[in-house]
Amino acid sequence: NNISIKPNLSYNSDHIGITSENQISKLINDADWNIGRVYSDYSFSNGCYLRFSAKNIDKLFTMGLRENNPNSDTTQWGDVGNTYYLWYIKHDSTLEIRNNGTLDSVFGGAVTYSNNIPFEILYDNLYIRYYYNGIEQAYYYVGANKTFYLDSSYYHTGNGIVVIEEFRN
């Protein structure tokens, strides 16, 4: 098993379940962004890599990187001007990329996805690079010497929504 993410993800166990393989389920409050966050309480600087796979195509969730510590900064991912860089996985099997809360209009919003195909986000110490199925889909300049945490939010309830496969430097 190639999971290299530290097992100390932060979440409320009344709302979220996580298996030993880092498969995430949202247990309560369907159709609510405010209940159901999972994030790292550690970060990586000057480069990092995140890899995950959706296990369903009918659940709405976000997964990505953020500069501010999720423990102390509770701004929502959709707020324009925040420091999120994420995949927005939609329940109609389409995808969006969001940079600082803003839709990446070059990538668009009509790209479809399948379950069990890997999503990746790479910070190479200059750019955030988004990959789907091993193919670069978009990139966004952020500059050097940034520090990032993993952060994710879940809108729909369900078992086994996503598996976080890697989060490393």
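Predicted model, so just to flag it, every value in this text is computed and none were measured. Index from 1, following the sequence.
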Visitor: Using the ring pair (Phe, Tyr, Trp, His ring centres under 6.0 Å) rule, take Tyr49 and Phe44 through it: C-alpha gap first, then chi angles, then the decisive distance, then the call.
Guide: CA-CA 9 Å; Tyr49 173 76; Phe44 295 111; over 10 Å; no
Visitor: Looking at Leu150, Leu122, Leu86, which one forms a side chain to side chain contact (heavy atoms under 4.5 Å, CB included) with Leu50?
Guide: Leu150
Visitor: Assess whether a salt bridge exists between Arg37 and Asp151, defined as any Lys/Arg side-chain N lying under 4.0 Å from an Asp/Glu carboxylate O.
Guide: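 Salt bridge flag = yes for Asp151 with Arg37.
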Visitor: Determine, using ring centers only, whether Tyr85 and Phe148 are less than 6.0 Å apart.
Guide: yes
Visitor: Going from CD1 on Ile57 to CD1 on Ile117, what distance comes out if it is rounded to the nearest 0.5 angstrom?
Guide: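 Result: 11.5 Å between the selected atoms.
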Visitor: What I'd like to find out is whether the side chain of Asn29 reaches to under 4.5 Å of the side chain of Thr157, using heavy atoms alone.
Guide: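 No, side chains not in contact.
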Visitor: What is the minimum heavy-atom distance between Ile24 and Tyr154, and which atoms define it?
Guide: CD1-OH, 3.3 Å
Visitor: How about Asp92 and Thr94: does a side-chain donor come under 3.5 Å of a side-chain acceptor?
Guide: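 Yes, side-chain donor-acceptor contact under 3.5 Å.
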Visitor: Compute whether any side-chain donor of one residue and acceptor of the other, for Tyr39 and Asp41, lie under 3.5 angstrom apart.
Guide: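 No.
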Visitor: So among Leu95, Leu60, Leu103, Ile97, which one has a side chain to side chain contact (heavy atoms under 4.5 Å, CB included) with Tyr88?
Guide: Leu60
Visitor: Flag this pair as yes if the NZ/CZ of Arg66 is under 6.0 angstrom from the six-membered ring centre of Tyr149 and inside a 45 degree cone about the axis; otherwise no.
Guide: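 Checked: cation-pi criterion not met.
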Visitor: Out of curiosity, Thr62 OG1 to Tyr84 OH, how far, rounded to the nearest 0.5 Å?
Guide: 7.0 Å
Visitor: Examine Phe167 together with Tyr42 and report whether their ring centres are nearer than 6.0 Å.
Guide: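 Yes, ring centres under 6.0 Å apart.
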Visitor: Please find the pair of heavy atoms, one from Asp58 and one from His156, that lie closest to each other, and give the distance.
Guide: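 Shortest heavy-atom contact: O-ND1, 4.1 Å.
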Visitor: Quick check: do Ile16 and Ile18 have side-chain heavy atoms less than 4.5 Å from each other?
Guide: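 Yes; the side chains approach each other to less than 4.5 Å.
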Visitor: Using 30° and 60° as the class limits, which term best fits the ring planes of Trp33 and Tyr155: parallel, tilted or perpendicular?
Guide: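 Plane angle between 30° and 60°, so tilted.
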Visitor: At their closest point, which heavy atom of Cys48 faces which heavy atom of Leu65, and how far apart are they?
Guide: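 Heavy atoms of Cys48 and Leu65 come nearest at SG-CD1, 3.8 Å.
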Visitor: Evaluate the criterion side chain to side chain donor-acceptor pair (under 3.5 Å) for residue pair Ser13 and Tyr11; output intermediate values, then yes/no.
Guide: CA-CA 6 Å; Ser13 61; Tyr11 62 98; over 6 Å; no
Visitor: Please give me the minimum heavy-atom distance between Ser152 and Met63, naming the atom from each residue.
Guide: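 Heavy-atom minimum between the residues: CB-SD, 3.7 Å.
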Visitor: What residue among Ile161, Val162, Val38, Asn159 forms side chain to side chain contact (heavy atoms under 4.5 Å, CB included) with Lys26?
Guide: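 Among the candidates, only Ile161 passes.
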Visitor: Roughly how far, to the nearest 0.5 Å, is the CD atom of Glu120 from the CZ atom of Arg129?
Guide: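 Going from the CZ atom of Arg129 to the CD atom of Glu120 covers 13.0 Å.
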Visitor: Regarding Glu165 and Ser53, do their side chains bring together a donor and an acceptor under 3.5 Å, going by distance alone?
Guide: yes
Visitor: Mind checking whether Phe119 and Tyr132 have parallel, tilted or perpendicular rings, split at 30° and 60°?
Guide: tilted
Visitor: Aromatic ring centroids of Phe107 and Trp87 under 6.0 Å?
Guide: yes
